[in-house]
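Protein chains get the first letters and strands the later ones, always in sequence-line order, with residue 1 at the start of each. Side chains are part of it too, since the values below use all heavy atoms of this structure and drop only hydrogens, waters and symmetry mates.
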2 protein chains.
Amino acid sequence: MKAQALHGHLDALLLAVLERGALHGYAIIEALRARSGGTLDLPTGTIYPALRRLERAGLVASTWSTVNGRERRTYELTDAGGRALAGERAGWRDFSATVGRFLGADEPPAAPA
Amino acid sequence: MKAQALHGHLDALLLAVLERGALHGYAIIEALRARSGGTLDLPTGTIYPALRRLERAGLVASTWSTVNGRERRTYELTDAGGRALAGERAGWRDFSATVGRFLGADEPPAAPA
DNA sequence: GCACGACAAGTAGCGTTGCTACGCATGAAG
DNA sequence: CTTCATGCGTAGCAACGCTACTTGTCGTGC
């Protein structure tokens, strides 16, 4: 993939990653990369501002800690964040079903590959 | 759906609609609405500029005609447009698979609904 | 001691994209 | 004559993600 162009679904992705447990920014990038099989390799300039956006919106909460002299900001999903994630999931389903209807290959009727 | 937020996939949608045959702008809007079950109701200010973008990129070609005194610009997929559409399809598959891995419900392992 | 790379966070500025809100014109219907 | 559906189009805006850059610590190699 082009690795970019998450186009509005970044927030959902971030929430989904944090759903499995609190992580700090750098670790989130690595989690995204690992869980996507290397497809999603997002630069810090993409996720840090997104994380702050989510925090301002009250969907995640952050706590600072120092590990080996290095400052870490660990992000955690809030209740509102969990609800938002559920909404994003529904939205994604809608979106992918709709676009998939035009671009095909979203709901193969019989056997996939 | 929110009706907006096609987020980068508008071009692919447009190409997909034109794949089934040439249409003029207004008809494209209606085709999008019909084929999406009313979900996609795009304003002219969204599709006309997009169409011109695609034309400038050589993915569609337009021809003017007059129907009942009304000017119509009919758009048609070019060869390059067809190839681009194939690429967009592949890209969409990748994208939806990747995001789906996080947001779930994209490739149900067994029986869907 | 010093440089360099991995870890960790962050900002500034930019370009693309789609949306809102308009404007213009014609033909049919009332 | 006014209104509505058809039909095309532009201007300006806001959001989003990306590139590029900065700051700082720790560990390793020279």
Side-chain angles (χ1 to χ4, degrees), chain A residues 1-15 22-34 36 39-57 59-60 62-75 88 91-92 95 98-99, chain B residues 1-15 22-34 36 39-57 59-60 62-75 88 91-92 95 98-99:
Chain A
M1 203 157 80
K2 288 84 52 112
Q4 55 267 61
L6 278 314
H7 291 306
H9 301 103
L10 213 212
D11 292 7
L13 251 24
L14 258 12
L15 295 176
L23 290 173
H24 63 281
Y26 201 85
I28 290 176
I29 296 177
E30 292 179 329
L32 248 4
R33 189 169 41 217
S36 69
T39 302
L40 294 174
D41 196 1
L42 307 179
T44 67
T46 290
I47 71 118
Y48 287 125
L51 250 7
R52 320 200 101 227
R53 200 163 53 216
L54 291 175
E55 185 168 30
R56 246 184 302 130
L59 305 182
V60 302
S62 69
T63 44
W64 282 97
S65 57
T66 305
V67 177
N68 278 346
R70 288 203 200 88
E71 297 288 303
R72 274 186 183 173
R73 173 123 90 161
T74 302
Y75 292 90
E88 294 279 9
W92 166 254
F95 176 76
T98 301
V99 177
Chain B
M1 204 160 78
K2 290 85 49 112
Q4 55 267 60
L6 279 316
H7 290 308
H9 300 104
L10 213 212
D11 293 6
L13 252 23
L14 258 13
L15 295 176
L23 291 173
H24 63 280
Y26 201 84
I28 289 176
I29 295 177
E30 292 178 331
L32 248 3
R33 189 169 40 219
S36 69
T39 302
L40 293 175
D41 196 1
L42 306 179
T44 67
T46 290
I47 72 118
Y48 287 126
L51 251 6
R52 320 200 100 229
R53 200 162 54 217
L54 291 176
E55 186 167 29
R56 245 186 303 129
L59 305 182
V60 302
S62 69
T63 44
W64 283 99
S65 57
T66 307
V67 177
N68 280 344
R70 288 204 201 87
E71 297 287 305
R72 274 189 184 172
R73 174 124 88 159
T74 301
Y75 292 91
E88 295 278 10
W92 166 255
F95 176 75
T98 301
V99 177

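Spacing between atom CD of Glu55(A) and atom C1' of dG10(C) amounts to 14 Å, rounded to whole angstrom units. Between His7(A) atom NE2 and dA15(D) atom C1' there is a gap of 12 Å when expressed in whole angstrom units. To the nearest angstrom, P of dG18(C) lies 14 Å from CD1 of Ile29(B). The CG atom of Asp41(B) sits 16 Å away from the P atom of dG18(C) (whole-angstrom rounding). Going from atom CG of Asp11(A) over to atom C1' of dG17(D) covers 11 Å, rounded to whole Å. Per the geometry, CG belonging to Leu13(A) stands 15 Å off P belonging to dC16(D), to the nearest Å. Between Leu6(A) atom CG and dG18(C) atom P there is a gap of 15 Å when expressed in whole angstrom units. One can place CG of Leu42(A) at 6 Å from P of dC18(D), the figure rounded to the nearest angstrom.
Put simply, the side chain of Asp41(A) does not reach to within 4.5 Å of the side chain of Leu32(A), judged on heavy atoms. Side-chain contact between Thr74(B) and Ser62(B) is absent, with no heavy-atom pair separated by less than 4.5 Å. A 4.5 Å side-chain heavy-atom check between Tyr75(A) and His24(A) finds every atom pair outside the cut-off.
Using cut-offs of 30° and 60° on the angle between ring planes, the pair Trp92(A) and Phe95(A) is tilted.
The Tyr48(B) side chain lies nearest to dG7(D) when the options are dA8(C), dG7(D), dC19(C). The side chain of Arg73(B) has dC8(D) as its nearest neighbour among dG18(C), dC8(D), dC18(D).
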Between protein and nucleic acid, restricted to nucleotides 2-6 of chain D and to nitrogen or oxygen atoms under 3.5 Å apart, what atom pairs and distances do you find?
residue : atom : partner  : partner atom : Å
dT6(D)  : OP2  : Tyr26(B) : OH           : 3.3
dT6(D)  : O2   : Arg70(B) : NE           : 3.4

Pull out every protein N or O sitting under 3.5 Å from an N or O of nucleotides 11-14 of chain D, one pair per line with the distance.
none

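For the pair Thr66(A) (side chain) and Gly69(A) (backbone), a donor-acceptor distance under 3.5 Å is absent. Using a distance-only test at 3.5 Å, with no hydrogens or angles considered, no donor-acceptor pair links the side chain of Glu88(A) to the main chain of His9(A). No side-chain donor-acceptor contact under 3.5 Å links Thr46(B) to the backbone of Leu42(B).
Contact between the side-chain N/O atoms of Arg52(A) and the OP1/OP2 oxygens of dA9(C) is not found at any separation under 4.0 Å. An OP1 or OP2 oxygen of dT16(C) is reached within less than 4.0 angstrom by no side-chain nitrogen or oxygen of Arg53(B).
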Practice task
Under the side-chain contact (heavy atoms from CB on, under 4.5 Å) rule, what do Leu40(B) and Val99(A) come out as? Steps first, then yes or no, please.
Solution key: CA-CA 9 Å; Leu40(B) 293 175; Val99(A) 177; over 6 Å; no

Exercise for the section: Go through Trp64(A) and Arg72(A) one step at a time and tell me if the side-chain contact (heavy atoms from CB on, under 4.5 Å) criterion holds. Expected result: CA-CA 6 Å; Trp64(A) 282 97; Arg72(A) 274 186 183 173; 5.7 Å; no

Exercise for the section: Determine, stepwise, if the pair Leu15(B) / Leu54(B) fulfils side-chain contact (heavy atoms from CB on, under 4.5 Å). Expected result: CA-CA 9 Å; Leu15(B) 295 176; Leu54(B) 291 176; 4.2 Å; yes

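Heavy-atom nearest nucleotides on DNA chain D were determined for Thr74(B) and for Thr44(A), and the one closer to the 5' end corresponds to Thr74(B). Heavy-atom distances to DNA chain C give each of His9(B) and Tyr75(A) a nearest nucleotide, and the one nearer the 5′ end belongs to Tyr75(A). When each of Asn68(A) and Ile47(A) is assigned the nucleotide of DNA chain D bearing its nearest heavy atom, the one mapping closer to the 5' terminus is Ile47(A).
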